[in-house]
Q: 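Please find one structure pasted underneath; my questions will follow.
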Protein chains: 2
Amino acid sequence: MDKGGTAIKPVTVYDIAREANVSVATVSRVINNTAPVKQSTRERVMELIVKHQFQPNALARSLYKKETGMIGVILPDITNPFFPALLAGLDQEARSKGYTFFLCDTVSTNGDSAEQYVRESQYLSILMEKQVDGIVMIGGRINLAKPSKESICEVVEASKRVPLLLINGNLTGGGITRVYADELEGAELATQHLIELGHEHIAFVGGYKHMSNTIQRIKGYLKAMERSGLQTRKEWIMDGGFSVASGTAFMNRLLEHSERPTAIFCANDLVAIGVMKAAHKAGIRVPEELSLVGFDDIPYASNSIPELTTVSLKCYDVGRYAAEQLHHMITKNKFSRSIKVRPELIVRESTARPPSRM
Amino acid sequence: MDKGGTAIKPVTVYDIAREANVSVATVSRVINNTAPVKQSTRERVMELIVKHQFQPNALARSLYKKETGMIGVILPDITNPFFPALLAGLDQEARSKGYTFFLCDTVSTNGDSAEQYVRESQYLSILMEKQVDGIVMIGGRINLAKPSKESICEVVEASKRVPLLLINGNLTGGGITRVYADELEGAELATQHLIELGHEHIAFVGGYKHMSNTIQRIKGYLKAMERSGLQTRKEWIMDGGFSVASGTAFMNRLLEHSERPTAIFCANDLVAIGVMKAAHKAGIRVPEELSLVGFDDIPYASNSIPELTTVSLKCYDVGRYAAEQLHHMITKNKFSRSIKVRPELIVRESTARPPSRM
DNA sequence: TTCAGAAATGAAAGCGTTGTCAATATTTAT
DNA sequence: ATAAATATTGACAACGCTTTCATTTCTGAA
């Protein structure tokens with residue numbers, strides 16, 4: 001247990017107390033301003049504290065106080081540009097309330113989602129053992145269209161022990177508080193935009209049909225199409241990925257047929273960018289010959305050429321609300337109500353009227 | 001301190017011990033396999049542990065053992081696509097050794113760097129109070145060309161109390177262990193590549209001259225230019241940002257003059273993308289009329305149209321080495337030697353021979 | 001049966017804080 | 001000067017765990 005050599009022996013309240021000729025209680029009082037201390041002794045203690053650069057041991061404090069000021073965040077992949085905005089919102093709000101984050105990225109290097117799920121479980125345990133004040137879960141298993149019985153059980157069980165909040169995802173049972181974006185409405189918005197521009201042949205590509213977010217987006221797309229009495233085609237609804245690479249693959253598959261849609265609604269921005277690349281390579285101009293709308297409004301969406309029309313899920317707001325709700329759950333220990341946040345269409349350059357028929 | 005209502009009263013070793021009719025010592029022994037326990041009692045205790053889903057309190061354990069298994073990471077902005085790869089490397093290596101991360105993002109919402117620096121200090125304190133086993137600092141103040149006396153002092157002071165490792169940055173004094181990419185060599189590589197393609201008129205744009213990374217990159221650029229006896233011009237060396245927006249601004253400024261470079265080496269990929277956008281708007285084709293090389297090899301570099309030639313700083317490796325070194329410092333308590341990792345040129349589509357003169 | 005040695009267990013100290021409660025020092029009022 | 005306040009302070013238990021050291025229980029050999 002001893003690490004030998006170079007480390008300075010940490011100074012404790014006892015050291016300070018001894019040297020200042022007071023009791024540890026008094027030292028504690030000046031540190032925390034928790035009770036009046038005579039001016040002269042306060043100064044004496046303070047001096048020693050700065051002299052020794054004394055830093056109270058948060059473990060001991062938390063052990064006694066039963067609060068750590070830490071919030072654990074479990075997310076599937078920090079690399080996904082979708083998350084930083086969410087985290088920024090969470091952070092902003094949580095920091096102002098004195099919390100600090102414990103980030104747990106469950107991404108598996110080999111992309112194996114089974115491995116990812118076990119890491120979610122592991123982190124859930126670790127966070128509880130570390131006595132975090134609350135836990136936020138984003139994506140991963142809770143994002144499955146059909147979460148397994150065990151997943152639900154595990155999360156519900158955890159939520160009984162520690163304030164736990166779900167962001168986005170699909171774990172609606174068990175009375176767990178959620179803060180989530182209305183993906184269905186977002187998809188409707190996107191599709192409606194295309195329709196209003198005059199498009200009638202609209203494809204949907206991207207995502208995974210076993211994930212709830214994809215299902216919601218497809219539902220929204222279908223709803224908008226139906227409302228306008230527009231036909232949809234099986235071959236024009238494709239899933240199989242959220243990446244740029246999958247986007248180019250989708251587009252290339254679309255290109256194999258003689259008939260092509262005049263607009264594509266992509267499951268997310270990355271896919272849209274992939275589609276844009278493939279279109280570019282095939283000599284198809286966006287938006288003149290092909291309109292594209294993405295989803296998520298990742299920072300890069302405004303960097304592409306042309307800039308991408310997309311729908312913002314208001315991640316920053318989602319994060320803020322989540323932190324607010326969680327704080328409420330921690331301090332009042334109530335199950336808060338779930339919050340749905342409404343998305344917003346961001347029109348940029350990748351959409352236009354369809355090419356006129358000849 | 002009581003949070004009332006819904007929370008389950010946590011079960012402790014005492015509860016298990018009482019119900020199993022053994023002492024807490026025995027319970028501890030079966031949990032940690034730290035001494036032989038009779039098979040029958042081990043089973044009895046185990047049963048109760050799973051029955052109550054007992055989870056030992058990591059605070060109490062760490063308090064006694066003086067180790068938390070946590071590594072604190074202080075970085076300036078998780079949003080910067082440069083970091084995820086670094087973190088992935090760190091994470092991969094550190095997790096295998098049983099550590100878990102404590103991520104501290106010091107970004108300030110209003111972009112005020114002064115605020116950022118105080119947050120670095122705050123986090124440094126918080127991490128030490130939370131008794132992390134080690135700390136990794138990336139970017140921020142340590143990245144300044146001239147770090148302030150106080151910064152250096154503070155970091156050196158911290159490094160005396162806890163194993164501390166710097167990634168990249170410029171805090172070379174004080175005998176602090178660093179793991180860093182050789183930015184100078186990277187810049188040389190990039191410039192050399194352009195020169196070998198036949199370019200003679202090469203500009204450097206981006207970065208901030210008060211930051212050490214920018215200075216290194218400019219140095220490497222100048223070194224390569226000089227070696228080949230190529231002229232450089234004051235107006236073709238511009239700094240002022242690392243963002244896409246600043247990139248387009250640089251390009252537009254370049255466009256104001258009648259003479260233009262045939263190639264631009266950008267301080268990072270984001271700037272390169274901004275330049276590319278501005279070039280596209282001005283009707284200048286990349287790479288036919290203008291070659292572009294970026295720096296960092298962020299994931300997006302291969303998503304742009306055309307794909308960006310850039311230099312990889314081997315972030316993943318840097319992260320892995322850092323975790324290795326830090327682990328060594330934690331367990332052996334030695335100051336490890338600093339490690340320099342060599343960058344690599346990634347040739348993609350944004351560079352070509354210069355347009356032939358007419 | 002008896003005893004040495006091994007195996008299994010328990011009691012209690014400590015890790016570094018905070019908070020309670022009682023004791024002491026200092027004022028203020030009489 | 002003295003009693004009755006009030007303002008400061010200290011001793012100690014508690015937080016939940018691990019580990020040391022001593023004790024008890026068991027094993028097999030004499």
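Keep in mind it's a predicted model, so treat the numbers as computed, not measured.
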Q: So what is the end-to-end bend of the helix from dT1(C)-dA30(D) to dT30(C)-dA1(D), with 5 pairs used at each end and the value given to 10 degrees?
A: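 Axis angle across the helix from dT1(C)-dA30(D) to dT30(C)-dA1(D), nearest 10°: 50°.
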
Q: Looking at residues at least two apart in the chain, or sitting in another chain, which of them share a salt bridge (charged side-chain N to carboxylate O under 4.0 Å, His left out) with Glu43(B)?
A: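 With neighbours one apart ignored, the set is empty.
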
Q: Between Asn32(A) and Thr34(A), is there a donor-acceptor pair closer than 3.5 Å when you use the side chain of the first and the backbone of the second?
A: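 No.
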
Q: Let me know the distance between CG of Asn33(B) and C1' of dT19(D), rounded to the nearest Å.
A: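 Value for this atom pair: 16 Å.
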
Q: Test your reading of the model: is there a side-chain donor-acceptor pair from His328(B) to the backbone of Glu324(B), 3.5 Å cut-off?
A: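 No: the side chain of His328(B) does not pair with the backbone of Glu324(B).
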
Q: Looking at residues at least two apart in the chain, or sitting in another chain, which of them share a ring-ring contact (aromatic ring centres under 6.0 Å, His included) with His327(A)?
A: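 Scan of His327(A) (ring-ring contact (aromatic ring centres under 6.0 Å, His included), adjacent residues dropped) gives Tyr99(A).
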
Q: With Asp91(A), which residues qualify under salt bridge (charged side-chain N to carboxylate O under 4.0 Å, His left out), at least two apart?
A: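 Asp91(A) satisfies salt bridge (charged side-chain N to carboxylate O under 4.0 Å, His left out) with Arg95(A), Arg119(B) only.
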
Q: Let's see if you can work this out: which of dT17(C), dC17(D), dT18(C) has an atom nearest to the side-chain heavy atoms of Tyr64(B)?
A: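 Of dT17(C), dC17(D), dT18(C), dC17(D) is nearest to the side chain of Tyr64(B).
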
Q: What string of B, S and - do you get for nucleotides 4-9 of chain C, 5' to 3', if B is base contact, S is sugar-phosphate-only contact and - is no contact with any protein heavy atom under 4.0 Å?
A: ----SB

Q: Would one find a side-chain N or O of Lys66(B) under 4.0 angstrom from OP1 or OP2 of dT18(D)?
A: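 It does not, given that no N or O in the side chain of Lys66(B) lies less than 4.0 Å from OP1 or OP2 of dT18(D).
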
Q: Round to a whole Å and report the spacing from CZ of Arg61(B) to C1' of dG16(C).
A: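 The distance from CZ of Arg61(B) to C1' of dG16(C) comes to 18 Å, rounded to the nearest Å.
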
Q: When the nearest nucleotide of DNA chain C is assigned to Ala25(B) and to Tyr14(A) on a heavy-atom basis, which residue is associated with the more 5' position?
A: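 With Ala25(B) and Tyr14(A) compared, the 5'-side residue is Ala25(B).
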
Q: CD of Gln131(A) versus P of dG16(D): gap in Å, rounded?
A: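 Atom CD in Gln131(A) sits about 9 Å away from atom P in dG16(D).
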
Q: By salt bridge (charged side-chain N to carboxylate O under 4.0 Å, His left out), which residues pair with Lys97(A), not counting sequence neighbours?
A: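 Only Glu93(A) meet the salt bridge (charged side-chain N to carboxylate O under 4.0 Å, His left out) criterion with Lys97(A).
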
Q: Should the pair Glu154(A)-Arg141(A) be classified as a salt bridge under the 4.0 Å nitrogen-to-oxygen rule?
A: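 Judged by the 4.0 Å cut-off on N to carboxylate O distance, Glu154(A) and Arg141(A) do form a salt bridge.
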
Q: Just the rounded figure in Å: distance from P of dA13(C) to NZ of Lys65(B).
A: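 These atoms are roughly 22 Å apart.
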
Q: What residue pairs, at least two apart or across chains, pass salt bridge (Lys or Arg N to Asp or Glu O under 4.0 Å) with a residue in residues 17-27 of chain B?
A: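 Applying salt bridge (Lys or Arg N to Asp or Glu O under 4.0 Å) to every pair that reaches into residues 17-27 of chain B, excluding sequence neighbours, yields Asp15(B)-Arg18(B), Glu19(B)-Lys51(B).
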
Q: Tell me: NZ of Lys130(B) to C1' of dT17(C), nearest whole Å?
A: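 Taking atom C1' of dT17(C) as the reference, NZ of Lys130(B) is at 14 Å.
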
Q: Tell me every residue that passes ring-ring contact (aromatic ring centres under 6.0 Å, His included) with Tyr123(A), counting only those two or more places apart in sequence or in another chain.
A: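 Not a single residue meets the ring-ring contact (aromatic ring centres under 6.0 Å, His included) criterion with Tyr123(A).
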
Q: Could you state the CG-C1' distance from Asn32(B) to dT19(D), rounded to the nearest angstrom?
A: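 From Asn32(B) CG to dT19(D) C1': 11 Å.
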
Q: Starting at CG of Asp15(B) and ending at P of dC17(D), how long is that distance when rounded to a whole Å?
A: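 So the CG-P distance, Asp15(B) to dC17(D), works out to 9 Å.
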
Q: Only counting residues at least two apart or in another chain, list the ones meeting ring-ring contact (aromatic ring centres under 6.0 Å, His included) with Phe101(A).
A: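 By the ring-ring contact (aromatic ring centres under 6.0 Å, His included) rule, Phe101(A) matches no residue at all.
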
Q: Among dT18(C), dG16(D), dG10(C), which nucleotide has an atom closest to any side-chain atom of Ser28(A)?
A: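 Closest nucleotide to the Ser28(A) side chain: dT18(C).
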
Q: Residues of residues 47-60 of chain B with any non-hydrogen atom less than 4.0 angstrom from an atom of DNA chain D: list those, numerically ordered, please.
A: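 Heavy-atom contacts with DNA chain D come from Phe54(B), Pro56(B), Asn57(B), Ala60(B).
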
Q: Sequence neighbours left out, what passes side-chain hydrogen bond (donor to acceptor under 3.5 Å, both in side chains) with Asp317(B)? Give chain and number order.
A: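 side-chain hydrogen bond (donor to acceptor under 3.5 Å, both in side chains) check on Asp317(B) returns Arg320(B).
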
Q: Not counting sequence neighbours, which residues clear salt bridge (charged side-chain N to carboxylate O under 4.0 Å, His left out) with Glu157(B)? List them please.
A: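 Glu157(B) satisfies salt bridge (charged side-chain N to carboxylate O under 4.0 Å, His left out) with Lys160(B) only.
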
Q: Nearest whole angstrom, please: distance from the P of dT18(D) to the CD of Glu67(B).
A: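 The answer, rounded to whole Å, is 12 Å.
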
